[in-house]
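First comes the structure, then the notes that go with it.
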Number of protein chains: 2
Amino acid sequence: MYLIGIIEDDVQLRKTMENYISLQQDMSLVFSCNRIEKWISIRQDAGIVPDCVLLDIGLPGISGLDAISIISSYYPGVKILVISGMEDPLIAWQAMMNGANGFLLKPFRLAEMQKQIEILKSGGTVLDPETMTGLIQTARTRFNSNGSTDRFHEFGLTQREIQVAELLVAGSSYKEISTILNVSYTTVNEHIKNIYKKVKVNSKMAFINRVSGKN
Amino acid sequence: MYLIGIIEDDVQLRKTMENYISLQQDMSLVFSCNRIEKWISIRQDAGIVPDCVLLDIGLPGISGLDAISIISSYYPGVKILVISGMEDPLIAWQAMMNGANGFLLKPFRLAEMQKQIEILKSGGTVLDPETMTGLIQTARTRFNSNGSTDRFHEFGLTQREIQVAELLVAGSSYKEISTILNVSYTTVNEHIKNIYKKVKVNSKMAFINRVSGKN
DNA sequence: ATGGGTATCCCTAGTTTAAGGGAAAATACG
DNA sequence: CGTATTTTCCCTTAAACTAGGGATACCCAT
């Protein structure tokens, strides 16, 4: 039996979810309220610890975002399925970083909700593709990683030089590059000499640091 | 018409995918090869720019991880669907941060692959629930820790070795490191020998890719 | 058709890195 | 106290990289 808790201020939706869960053979509702504050005041009376909490993020009062860490520290190991009306990548990101296990975008079908609960139950994490895209993009900017940086064109490298540069940065030796590109060792050496001149470096390390944007 | 490229070293799987894509009315294969190196050497001859590249991450030679940024800078706007045999959260994380748009865990059904391609086509991002869980956990650890200084510690490097490693990655030569740390050249050489043993690499490039790639 | 850019090839010399061997202190820990 | 770890130092060989020189051929544009 999978125990579910609900925190959702939309009365209509909450009733619908309550009803749906009650109808499931393998699920049971342990609490259902409209606000975080309400949950905080009744949680010790409710007694039973839920396996999964369906949490609306757009609540009045205490933010659902803050609620995530509150709830997961109160119920260690609980799965939190965030419900949101807005498709905001930043909110999704923050929710996931705060400990959410899934993200459900309103409006959703109850079958979809159930499916997500199932996946959470088995330790998985689910986001819809659009939210996922936004979340990954947010993560990329957060971590300043190079998503699609054109690292070589800006230095005026030729096509061939770009090929050589890519292989060099990826870790291939001159000899390996010559084999891959079907040219002699000296040709590779020649290209690299020209690359270094254009990029104004005089060693492989300097080149790597340059194209990695480290200076 | 959606144009697909394949980089996969498993001949059986590659042929299967090629065949499947050829049979789809709305897809067309623009290239198919077994290694990154091969793609780098033939890409300008292939001519047509794909909309989506199916990329095996567990390739011999240049890592598929490195390939992601190379491919996405060569084909701006391309969607990259990473195929992996291992369920490694770190790899998934790194792949997504490098610009991947989806993650497909081997073995997979071709219908599943097609579904992911469809979602990528519409700008979405897909990961299976298990990989997603690992990825989010990795992100949480990254997000909640500084994540810059302790990247060498996990390999069991000593304090001195960490100093040497940092200088090495920063671009210092053995000689420069010896001056900075006030030790002899041979001592630096010695430390680096030990570092490489611990990290299980045998060249500076491999070391750099290891420490700046997976952590 | 002359000159510039690209791409190929060769030789040579010097520097840097990689990895094998061995060895001596200092420090930490049970 | 003895043992393991850390840090230091040396020699040697092989491989890889850097950089100078020069050379041929193709394409493209002035």
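Chain letters run A, B, ... following the sequence lines, proteins first and then strands; every chain starts at 1.
- If you check every strand for non-hydrogen atoms under 4.0 Å, A:Thr187 touches a base.
- Between B:Lys15 and B:Glu8 there is no salt bridge, since no side-chain N of the basic residue sits under 4.0 Å from a carboxylate O of the acidic one.
- The residue B:Lys204 sits close only to the backbone: its heavy atoms come under 4.0 Å of sugar-phosphate atoms, none of a base.
- Note: OH (A:Tyr185) to P (C:dC9) measures 14 Å, nearest angstrom.
- Shown here is A:Lys198, whose NZ atom has more than 12 heavy atoms of other residues, nucleotides or ligands within 6.0 Å.
- Between B:Asp56 and B:Lys106, at least one side-chain N (NZ, or NE/NH1/NH2) sits under 4.0 Å from a carboxylate O, which counts as a salt bridge.
- Enclosure of atom NZ in A:Lys38 is not indicated, since only 12 or fewer non-hydrogen atoms of other residues, nucleotides or ligands lie within 6.0 angstrom.
- Across all strands, A:Asn194 comes closer than 4.0 Å to no nucleic acid atom at all (heavy-atom distances).
- If you measure from atom CD1 of A:Ile195 to atom P of C:dT8, you get 12 Å, rounded to the nearest angstrom.
- Counting non-hydrogen atoms under 4.0 angstrom, A:Ser184 reaches the backbone sugars and phosphates but no base.
- Distance NZ (A:Lys193) to P (C:dT8): 14 Å, rounded to an integer number of Å.
- Summary of the strand contacts: A:Leu181 and A:Met205 both lie near DNA chain C, and taking for each the nucleotide with the nearest heavy atom, the more 5' one is attributed to A:Leu181.
- Atom-to-atom, CD1 of B:Ile192 to C1' of C:dT16 comes out at 11 Å; the value is rounded to the nearest Å.
- Between the P atom of C:dC9 and the CD1 atom of A:Ile177 lies a distance of 14 Å, rounded to the nearest Å.
- Evaluated for a side chain to side chain contact (heavy atoms under 4.5 Å, CB included) with A:Asn101, the options A:Ile80, A:Val126, A:Ile68 yield exactly one hit, A:Ile80.
- Following rounding to the nearest Å, B:Arg160 (CZ) and C:dT27 (P) show an atom-to-atom distance of 14 Å.
- Residue B:Thr186 is in base contact, counting any heavy-atom pair closer than 4.0 Å across all strands shown.
- Taking the six-membered ring where the residue is Trp, A:Trp39 and A:Tyr74 present perpendicular rings, their angle passing 60° and hence far from 30°.
- Straight-line distance from the CG atom of B:Asn202 to the C1' atom of C:dA19: 10 Å, rounded to whole Å.
- Taking only side-chain nitrogens and oxygens, A:Thr158 never comes nearer than 4.0 Å to OP1 or OP2 of C:dG5.
- When distances run from any side-chain atom of B:Tyr196 to the nucleotides C:dT17, C:dA18, C:dA7, the shortest one goes to C:dA18.
- With respect to B:Glu190 and B:Lys193, a salt bridge is recorded, a charged nitrogen being found less than 4.0 Å from a carboxylate O.
- Straight-line distance from the CG atom of A:Leu157 to the C1' atom of C:dA7: 15 Å, rounded to whole Å.
- Scanning DNA chain D 5' to 3' for nucleotides with an atom closer than 4.0 angstrom to a non-hydrogen atom of chain B gives a first and last hit of D:dT6 to D:dC10.
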